[in-house]
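Beneath this line is the structure, given in structure tokens, with notes to follow.
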Amino acid sequence: MTAVATLPPRAASPLGYRLATVFLGLVVAAAVLAPLVAPYPPDAVDFAATLAPMSPEHPLGADQSGRDLLSRVLYGARTSLIGPLVLLAIASVLGIALGTLAAWHGGWIDAVVSRVTDVMYAFPGLLFVVLIVAVFGNGMTTAVVALALAYTPTIAKYTRSFALAECGKPYIDAYRVQGMGGLTICVRHLVPNMARSIVGYLVVLFGEGLMSLATLSFLGFGAQPPSSDWGLMVKEGQPAIVQGAFLPVLVPGAAIALVVVSFNVIGVRLADRMGVRGS
């Protein structure tokens, strides 16, 4: 779950990039405007519409409790997008700080950070998250924090590789000669110069984080009922498959897949266009 997301050498086509951008823009807009555009409240139960197919009343059908799937997907976009954003924000702060610290100081500090990240890689990410959940209990907050800690070594190792190259550039020595402190150089110049390369990578990781959170919700460790989180919706819709109703699983599953693919397409394109900025 915490494997390093590799960026393909070739960027996504401009058409694919535009389509992905438009689609994500619509998803974000739908999440923000869910109370205005959703035809029903996400937890409105109507047993008369149990497993209803697509119809004008229920454009994407209804689940076992008669809850409108379109409304639940629109509201579920909120938790499904905010969760990965928060976990990447936490993981980025920790990972970039550790990676920069290791590259800047080198020596035993670099060795310690490198060994810690290697140990984290050797430890299965899902098992690490499950252990944290077992100690602190189920819930989206615990899942987000646990995944943030699991993603930190990935971002730290990626940041360190770029920071090592940046630290050898002439502008670093120039700032040192001017008497600028190491912390100031890193915060004002080193990290901003790496940001262009890291942003595309983080966009790709966003899709992976969304999938990981959906997986935890599916396993019962993340979002809890009556949340309309997409991963939880897939779990709750599974029993309907036995009755021949696939929409309760297909609708949230398709939402997860499309959003993850879109973030990967945009991330690859951004990484290719931004590259590493020289100074």
Side-chain angles (χ1 to χ4, degrees), residues 1-3 5 27 31 34-35 38 40-45 62-69 71-95 119-155 202 205-242 245 247-260 263:
M1 179 169 24
T2 58
V27 171
Y40 304 94
D43 54 353
V45 175
D63 64 9
Q64 301 94 309
S65 300
R67 295 174 296 187
D68 183 67
L69 289 175
S71 301
R72 289 180 62 75
V73 165
L74 291 176
Y75 276 93
R78 293 180 163 188
T79 57
S80 298
L81 294 178
I82 292 176
L85 184 63
V86 174
L87 84 84
L88 279 184
I90 298 173
S92 296
V93 171
L94 297 176
V119 170
M120 290 294 293
Y121 274 118
F123 198 76
L126 181 58
L127 180 57
F128 174 77
V129 173
V130 170
L131 287 176
I132 293 181
V133 170
V135 174
F136 296 100
N138 298 335
M140 182 59 78
T141 301
T142 304
V144 167
V145 173
L147 279 174
L149 295 177
Y151 275 71
T152 295
T154 300
I155 298 175
L202 291 179
L205 277 184
F206 189 101
E208 187 179 340
L210 190 153
M211 181 69 75
S212 298
L213 278 176
T215 301
L216 290 178
S217 295
F218 178 81
L219 295 175
F221 299 135
Q224 302 297 311
S227 171
S228 53
D229 179 84
W230 292 344
L232 182 61
M233 286 180 65
V234 173
K235 176 186 177 182
E236 293 178 338
Q238 271 195 316
I241 296 178
V242 179
L247 287 177
V249 171
L250 183 61
V251 170
I256 294 171
L258 290 173
V259 170
V260 170
F263 270 109

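Since this is a predicted model, take the numbers as computed values, not measurements. Side chains included, hydrogens not; waters and symmetry mates left out as well; all remaining heavy atoms used.
With rounding to the nearest 0.5 angstrom, the CE atom of M211 is 12.0 Å from the CG atom of L216. The distance from the CG atom of L210 to the CG atom of L88 is 10.0 Å, given to the nearest 0.5 Å.
Two residues are said to be in side-chain contact when any heavy atoms from C-beta on lie closer than 4.5 Å; D229 and R78 fail this criterion. Residues V145 and F136 fail the side-chain proximity criterion, which asks for heavy atoms closer than 4.5 Å. Looking only at side-chain heavy atoms (C-beta outward), L213 and P84 come within less than 4.5 Å of each other. Under the 4.5 Å side-chain criterion, counting only non-hydrogen atoms from C-beta, I155 is in contact with L202. Side-chain atoms of P42 and R67, non-hydrogen and from C-beta on, never get closer than 4.5 Å to each other. Contact check for V251 versus R72: no side-chain heavy atoms found under the 4.5 Å cut-off. Counting heavy atoms from C-beta outward, L232 and T79 have side chains that stay 4.5 Å or more apart. Residues L94 and L149 form a side-chain contact, since some pair of their non-hydrogen atoms from C-beta on lies under 4.5 Å apart.
Looking at every heavy atom in both residues, V129 comes nearest to A150 through CG2-CB, 4.4 Å. When all heavy atoms of Q64 and P248 are compared, the closest pair comes out as OE1-CB, 4.3 Å. When all heavy atoms of S217 and K235 are compared, the closest pair comes out as O-CD, 4.0 Å. When all heavy atoms of A148 and T152 are compared, the closest pair comes out as O-OG1, 2.8 Å. Closest approach of L81 to F206, counting heavy atoms only: O-CZ, 3.3 Å.
A donor-acceptor pair under 3.5 Å links the side-chain atoms of W230 to the main chain of V73, judged by distance alone. Between the side chain of T142 and the main chain of V133, no donor-acceptor pair closer than 3.5 Å is present.
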- Take D43 and Y75 through the test side chain to side chain contact (heavy atoms under 4.5 Å, CB included) and record every step on the way to the result. CA-CA 10 Å; D43 54 353; Y75 276 93; over 6 Å; no
Taking only distance into account, with no hydrogens and no angle test, what donor-acceptor pairs under 3.5 Å do side-chain atoms of residues 218-226 form with protein atoms, sequence neighbours excluded?
| from | atom 1 | to | atom 2 | distance (Å) |
| --- | --- | --- | --- | --- |
| Q224 | NE2 | G220 | O | 3.0 |
| Q224 | NE2 | G222 | O | 2.9 |

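Y151 and S212 are linked by a side-chain donor-acceptor pair at a separation below 3.5 angstrom, with hydrogens and angles left out of the test.
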